[in-house]
Amino acid sequence: SEDIYLQRSLQIREYAINGVPDMDYEFLPTKCIDNIPMEWFKAAEYVLQERGEYLSLNPRMVKNVAGWAYRQYLLDNL
């Protein structure tokens with residue numbers, strides 16, 4: 001539901017801005033995509049893994065969720 005996406009977006013934002021834990025990130029892009037800072041990809045992977053809800057976590061999912069959260073953040077700060 002939309003509430004879950006909003007909740008995840010806010011969690012990702014929190015970690016992207018305040019720092020993500022050190023861990024072995026498996027699904028990060030090799031370079032920034034669409035001017036999204038790498039911290040947003042790390043935060044997305046961390047939140048998705050932390051929740052354990054996504055058994056098929058993959059690079060595309062991390063990219064999409066990070067992009068969505070980052071764009072929400074930009075819109076909220078216009």
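Nothing fancy with the numbering, it's 1 onward along the sequence. As a basis for the values below, the full set of heavy atoms in this structure was taken, side chains included, without hydrogen atoms, waters or symmetry mates.
Listed here is the closest heavy atom pair of Val62 and Phe27: CG2-CB, 3.7 Å. Taking every heavy atom of both residues into account, Ala16 and Ala43 meet most closely at N-CB, 3.7 Å. Of all non-hydrogen atoms in Ile12 and Ala69, the two that sit nearest each other are CG2-CB, 3.8 Å.
Residues Glu39 and Lys42 are paired through a salt bridge, judged by an N-O separation under 4.0 Å between the basic side chain and the carboxylate.
The environment of CG in Asp24 is sparse: at most 12 heavy-atom neighbours from other residues, nucleotides or ligands sit within 6.0 Å. Summarising the local packing, OH of Tyr73 is surrounded by 12 or fewer heavy atoms from other residues, nucleotides or ligands at distances under 6.0 Å. Within a 6.0 Å sphere centred on CG of Asn18, other residues, nucleotides and ligands contribute more than 12 heavy atoms.
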Verify side-chain contact (heavy atoms from CB on, under 4.5 Å) between Tyr25 and Leu28, making sure each step is shown before the conclusion.
CA-CA 6 Å; Tyr25 292 95; Leu28 299 180; 3.5 Å; yes
Start with the C-alpha distance between Glu45 and Met23, add both sets of side-chain angles, then the distance that settles side-chain contact (heavy atoms from CB on, under 4.5 Å), and finish with yes or no.
CA-CA 10 Å; Glu45 181 171 337; Met23 64 177 244; 4.1 Å; yes
Set out, in order, the CA-CA distance, both residues' side-chain angles and the distance that settles side-chain contact (heavy atoms from CB on, under 4.5 Å) for Leu10 and Gln72, then state yes or no.
CA-CA 9 Å; Leu10 294 174; Gln72 283 295 121; over 6 Å; no
One pair to check against side-chain contact (heavy atoms from CB on, under 4.5 Å): Phe41 and Ile33. What are the steps and the verdict?
CA-CA 9 Å; Phe41 296 104; Ile33 299 171; 4.0 Å; yes
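Rounding to the nearest 0.5 angstrom, the gap separating the CG atom in Asn35 from the CH2 atom in Trp40 is 14.0 Å. The CG atom of Leu48 sits 8.0 Å away from the CZ atom of Arg8 when rounded to the nearest 0.5 Å. Separation of atoms SG (Cys32) and CE (Met38) is listed at 4.5 Å; rounding is to 0.5 Å.
In the hydrophobic cluster analysis, where Ile, Leu, Val, Met, Phe, Trp and Tyr join through side-chain heavy atoms closer than 4.5 angstrom, Ile36 is grouped together with Leu74.
Put simply, the side chain of Asn58 gets close to the backbone of Ser56: a donor and an acceptor are under 3.5 Å apart.
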